[in-house]
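Contents: one structure, followed by commentary.
Order of appearance sets the numbers: ligands from 1, and atoms from 1 within every ligand. Given the structure is predicted, the values throughout are model-derived calculations rather than measurements.
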Amino acid sequence: MKKYKVAVIPGDGIGPEVLAEGKKVLTAVAEMANFEVEYDDYPWGCEYYLKTGEMMPENALDILKDVDAIYLGAVGYPGVPDNISLGGLLLKLRKGFDQYINLRPVKLLKGAPCPLTGVGIEDIDMVVVRENSEGEYANVGCRLYPDSPQEMALQTSVFSRKGTERVIRYAYELAKKEGKTLTSISKGNALGYSMVFWDQIFKEVGQEYPEVKTSTLLVDAASMFFVKDPKRFQIVVASNLFGDILTDLGAAIAGGMGLAAGANLNPEGKYPSMFEPIHGSAPDIAGQMISNPLASIWSIAQMLDHWGMNDWGQEIIDAIETLLVEKKTLTPDLGGTAKTDEIGEAIIEILKR
Ligand code: NAD
Ligand code: IPM
Ligand code: MN
């Protein structure tokens, strides 16, 4: 029987609550689909930092390098500066394992709440392909003349040809494979170096994909259209920061943060890929068992897709949809009264029907 090794990093806040449900679902799918999963849990995160001075051990990448997937909850908690907690774990893994594609579906399922009027499930069905290794997140910069009137901070974006081309090419390939349109998100009117370069590469790579219908939108206008006319988007490609911001907006129109999943992919498979909900550690609700684990469960569907079990990935999404339609077992963010740890069981029950 094929065995998959999954490294689990529950992290902080609601991370452990939501991951426990995803693990239940993956374990149940493994039983039904006849494969084995071996979990290794790593207690890394803000508590670990307060004890050891590091978010994860120095050799963490070495420890994780051979697993079939990394399953991550959320990172960050009051008491540890966010740039330290995220820079020392999540961003280190994304960059260290060259997970340069961040695949974030923005899909309104039947039964999910949508704050937009006159919008149906057929109108919100896109995939955001977010650059995940450089751009605005390169973290190149400096602070000068601290505590003086000349004090300053520099933060430079890095858009390499390799980095820009590969994410844009991935998005074109996806659009071609799925017969969908591709929208590039830009800001070339103000960012005269990075985004003009981005636009140039989007056009260059596009020469190889004459069959893909494309458009380019400035990020401010794109934000407006996410709300006013989301059906114009099918595949969307965006830089690291723009993709980050647009996908929280995407979550808001497609059922909320509790339903938004993301896959950090190293498409070549040289390094492990990582699956996570896109939300954070939600300190405002942590510990009450009212967090919604459906995003984490959806990211298990992405893990199964990544392993080539797309049918099972779809089964999970269908089960989430059934749960939403039936409205019997939902967490408070979706108008229910269920606890976090009732959701995994409910999904498994639907899967087994
Ligand atoms: P957040 O996503 O944690 O929370 C935003 C809001 O959404 C909160 O009101 C929260 O209660 C709600 N929410 C989020 N997930 C939910 C869920 N599953 N069910 C129900 N409600 C949910 O964003 P934030 O408050 O800006 O950040 C909190 C911390 O998380 C910060 O330290 C931040 O840096 C970190 N963060 C981590 C990740 C990650 O690890 N991938 C992602 C985003 C933010
Ligand atoms: C996300 C998060 C991270 C990001 C933060 C926590 C660094 O917001 O995964 O969307 O900006 O990528
Ligand atoms: Mn984000």
Side-chain angles (χ1 to χ4, degrees), residues 8-22 44-47 49 55-56 70-95 99-106 112-113 128 130-139 155 238-252 254-265 274-299 302 320 330-344:
V8 182
I9 308 175
D12 307 311
I14 62 169
E17 302 170 10
V18 293
L19 274 212
E21 300 311 292
W44 304 337
C46 286
E47 257 179 62
Y49 176 85
M55 287 296 292
M56 56 184 188
I70 301 167
Y71 191 39
L72 183 105
V75 182
Y77 217 69
V80 181
D82 272 348
N83 64 316
I84 291 187
S85 55
L86 278 310
L89 205 162
L90 176 68
L91 299 178
K92 218 180 223 177
L93 293 176
R94 286 181 184 165
K95 286 179 189 164
Q99 294 163 347
Y100 62 88
I101 298 298
N102 194 185
L103 211 58
R104 296 187 158 185
V106 177
V128 177
R130 170 190 180 194
E131 204 292 319
N132 212 29
S133 65
E134 53 168 44
E136 306 88 343
Y137 281 45
N139 211 26
Q155 182 103 37
S239 69
N240 213 328
L241 180 63
F242 293 171
D244 175 47
I245 298 169
L246 280 176
T247 49
D248 264 33
L249 181 53
M257 293 309 288
L259 274 162
N264 304 275
L265 302 176
M274 178 163 71
F275 301 83
E276 53 166 351
I278 82 165
H279 62 70
S281 56
D284 54 340
I285 57 165
Q288 303 171 43
M289 291 304 273
I290 56 170
S291 57
N292 183 352
L294 289 174
S296 292
I297 293 172
W298 194 320
S299 66
Q302 291 189 298
I320 294 175
L330 296 176
T331 45
D333 57 308
L334 296 176
T337 54
K339 294 285 183 196
T340 309
D341 60 357
E342 293 172 52
I343 305 298

How far is [atom] from its nearest protein heavy atom, and which residue and atom is that?
atom	value
atom 7 (C) of ligand 2	Leu86 CG, 3.8 Å
atom 10 (O) of ligand 2	Asp244 OD1, 2.8 Å
atom 11 (O) of ligand 2	Tyr137 OH, 2.5 Å
atom 9 (O) of ligand 2	Arg94 NH2, 2.7 Å
atom 1 (C) of ligand 2	Arg104 NH2, 3.3 Å

### Query
Between the side chains of Thr340 and Glu342, is a donor N or O closer than 3.5 angstrom to an acceptor N or O?
no
### Message
Heavy atom to atom 30 (O) of ligand 1, shortest distance: which of Ser85, Ala252, Ser281, Gly76 holds it?
### Response
Ser281
### Message
Looking at non-hydrogen atoms alone, which of Asp284, Asp333, Ile285 comes nearest to atom 22 (C) of ligand 1?
### Response
Ile285
Could any protein non-hydrogen atom be found less than 4.0 Å from [atom]?
atom	result
atom 3 (O) of ligand 1	yes
atom 32 (O) of ligand 1	yes
atom 6 (C) of ligand 1	no

### Query
Considering only heavy atoms of Gly280, which atoms of ligand 1 have at least one such atom less than 4.0 Å away?
1 (P), 2 (O), 3 (O), 30 (O), 36 (N), 37 (C), 38 (C), 42 (C), 43 (C), 44 (C)
### Task
Check all N, O or S atoms of Asp244 and name the one closest to the Mn ion (ligand 3).
OD1
